[in-house]
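Convention: sequence-line order gives letters A, B, ...; per-chain numbering from 1. Computed over heavy atoms, backbone and side chain alike; hydrogens, waters and symmetry mates excluded.
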There are 2 protein chains.
Amino acid sequence: MQYKDKTMGATKTDHFTDNQNQLAVLAKALGHPARIAIMEYLLKVDTCICGDIVNELPLSQPTVSQHLKELKNAGLIKGSIEGNSICYCINEPGLEKIKGFFEHISNHLEKKRNDCC
Amino acid sequence: MQYKDKTMGATKTDHFTDNQNQLAVLAKALGHPARIAIMEYLLKVDTCICGDIVNELPLSQPTVSQHLKELKNAGLIKGSIEGNSICYCINEPGLEKIKGFFEHISNHLEKKRNDCC
DNA sequence: TCTTTATATTGCAATATTACGATATTTATT
DNA sequence: AATAAATATCGTAATATTGCAATATAAAGA
């Protein structure tokens with residue numbers, strides 16, 4: 001997770017705007033079905049949920065923990081210690097940011113139809 | 001780009017729903033600042049654009065070509081041969097699909113506030 | 001305190017992604 | 001036909017991601 005743009009193979013984040021990099025981080029965090037599943041589960045259970053997430057997914061506990069960490073780092077979920085377990089829920093600012101990107105595109109397309117392809 | 005769930009290191013797509021996998025593919029395609037930049041450029045130029053995309057990005061021609069291919073495979077852009085060059089523009093169905101995911105989450109959150117974290 | 005339960009971290013193997021030089025392909029133009 | 005221009009593909013090196021077993025940590029309950 002370095003992204004230092006030193007040599008080959010690493011994403012050249014330096015050459016893009018902060019906004020582009022932020023959106024990419026958010027999108028990337030959702031670029032795995034397990035992490036989509038986690039978001040859907042957090043939504044389904046209505047409130048924040050403590051524990052249970054591991055049992056909902058077809059992956060081992062360390063793997064799920066890692067996915068949760070990535071979603072948290074990207075700002076899509078947040079978690080707080082709740083006694084024995086950890087309580088996770090969706091982090092709205094992160095979600096609104098990427099949602100806004102798609103709405104922006106969609107609104108633009110609506111105004112100016114591009115039917116040449 | 002196999003995703004066969006054979007051994008270690010490969011994403012276990014088999015264990016998730018088609019919908020979850022499709023959303024993950026769309027999100028993953030936007031999980032790189034260059035591909036965000038391409039989408040923004042296609043939006044900015046208003047209509048479909050032939051050529052020029054390579055010159056807009058701080059990456060080599062083969063690298064840009066590869067990014068365009070990924071966006072196309074994910075269904076976020078479409079391209080048609082236009083004489084000497086290729087005419088690219090945003091593919092609305094792909095965009096609407098992922099946009100819908102975020103709206104779905106956002107709508108749900110609005111109804112049921114989760115303020116426990 | 002000891003055990004149980006829940007979650008995180010470490011270490012590592014397998015696979016995927018990123019980037020680009022070199023080269024191929026394809027179409028337009030001369 | 002030969003050249004030029006635009007884009008794609010190949011090959012390869014560097015880096016990142018995925019997944020899990022083993023282990024560590026931290027809090028709850030006996």
Q: If we ignore hydrogens and angles and just use 3.5 Å, is the side chain of B/Asn91 paired with the main-chain N or O of B/Lys78 as donor and acceptor?
A: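 Flag not set: sc B/Asn91 to bb B/Lys78 has no pair under 3.5 Å.
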Q: If the cut-off is 4.0 Å, is A/His67 near the phosphate of D/dT17, judged by side-chain N/O to OP1 or OP2?
A: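 Looking at the OP1 and OP2 atoms of D/dT17, neither is under 4.0 Å from any side-chain N or O of A/His67.
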Q: Taking only side-chain nitrogens and oxygens of A/Lys69, does any of them come within less than 4.0 Å of OP1 or OP2 of C/dT7?
A: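 For C/dT7, OP1/OP2 do not have a side-chain N/O of A/Lys69 under 4.0 Å.
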Q: Using the salt bridge (Lys or Arg N to Asp or Glu O under 4.0 Å) rule, collect all pairs that involve residues 55-65 of chain B, keeping only residues at least two apart or in two chains.
A: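 Output for this query is empty, none listed.
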Q: What is the separation between atom CG on A/Leu57 and atom C1' on D/dG19, rounded to the nearest whole Å?
A: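 After rounding, the gap between these two atoms is 13 Å.
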Q: Taking atom P of D/dA16 as reference, at what distance in whole Å does atom CD of A/Gln66 sit?
A: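 About 14 Å, once rounded to whole Å.
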Q: Counting primed atoms plus P, OP1 and OP2 as sugar-phosphate and everything else as base, spell out the protein contacts along nucleotides 21-30 of chain C at 4.0 Å heavy-atom distance: B, S or - for each nucleotide, 5' to 3'.
A: BB----BS--
Q: Taking CG from A/Leu59 and C1' from D/dA21, how many angstroms apart are they, rounded to a whole number?
A: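 Atom CG in A/Leu59 sits about 15 Å away from atom C1' in D/dA21.
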Q: Applying a 4.0 Å non-hydrogen cut-off, can you work out what B/Leu68 is touching in the nucleic acid: base, sugar-phosphate, or nothing?
A: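 It contacts nothing in the nucleic acid.
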Q: Taking salt bridge (charged side-chain N to carboxylate O under 4.0 Å, His left out) as the definition, give me every residue that meets it alongside A/Glu96, ordered by chain and number, with sequence neighbours left out.
A: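 Here the qualifying residues are A/Lys99.
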Q: As an exercise, state the distance from CD1 of A/Ile90 to CG of B/Leu109, rounded to the nearest 0.5 Å.
A: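 Here the rounded value is 4.5 Å.
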Q: May I have the distance from A/Lys72 (atom NZ) to C/dT7 (atom C1'), rounded to whole angstrom?
A: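 In whole Å, C/dT7 C1' lies 11 Å from A/Lys72 NZ.
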Q: In this structure, how many angstroms lie between the P atom of D/dA6 and the CD1 atom of B/Ile86, rounded?
A: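 Rounding to the nearest Å, CD1 of B/Ile86 and P of D/dA6 are 13 Å apart.
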Q: Restricting to side chain to side chain contact (heavy atoms under 4.5 Å, CB included), what partner residues turn up for B/Ser60, sequence neighbours left out?
A: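 Partners of B/Ser60 by the side chain to side chain contact (heavy atoms under 4.5 Å, CB included) criterion, ordered by chain and then number, come out as B/Pro62, B/Thr63.
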Q: Please determine if a side-chain N or O atom of B/Ser65 lies less than 4.0 Å away from the OP1 or OP2 oxygen of D/dA8.
A: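 B/Ser65 to D/dA8 OP1/OP2: side-chain N or O found under 4.0 Å.
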Q: How would you list, by chain and number, every residue that makes a side-chain hydrogen bond (donor to acceptor under 3.5 Å, both in side chains) with B/Gln20, sequence neighbours excluded?
A: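 Only A/Glu40, B/Thr17 meet the side-chain hydrogen bond (donor to acceptor under 3.5 Å, both in side chains) criterion with B/Gln20.
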Q: What is the distance, rounded to the nearest whole Å, between atom CG of B/Asn73 and atom C1' of C/dT17?
A: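 Atom CG in B/Asn73 sits about 14 Å away from atom C1' in C/dT17.
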Q: Go through the structure and list residues passing ring pair (Phe, Tyr, Trp, His ring centres under 6.0 Å) with B/Phe16, not counting sequence neighbours.
A: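 B/Phe16: no ring pair (Phe, Tyr, Trp, His ring centres under 6.0 Å) contacts found.
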Q: So which nucleotide from D/dA8, C/dT15, D/dC20 ends up closest to the side chain of A/Thr63?
A: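 Nearest to the side chain of A/Thr63 among the choices is D/dC20.
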Q: How many Å lie between CD1 on A/Ile36 and P on D/dT18, as a whole number?
A: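 Whole-Å distance recorded here is 12 Å.
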Q: Calculate the interatomic distance between A/Lys12 atom NZ and D/dA16 atom P; express it in whole Å.
A: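 Distance, rounded to whole Å: 15 Å.
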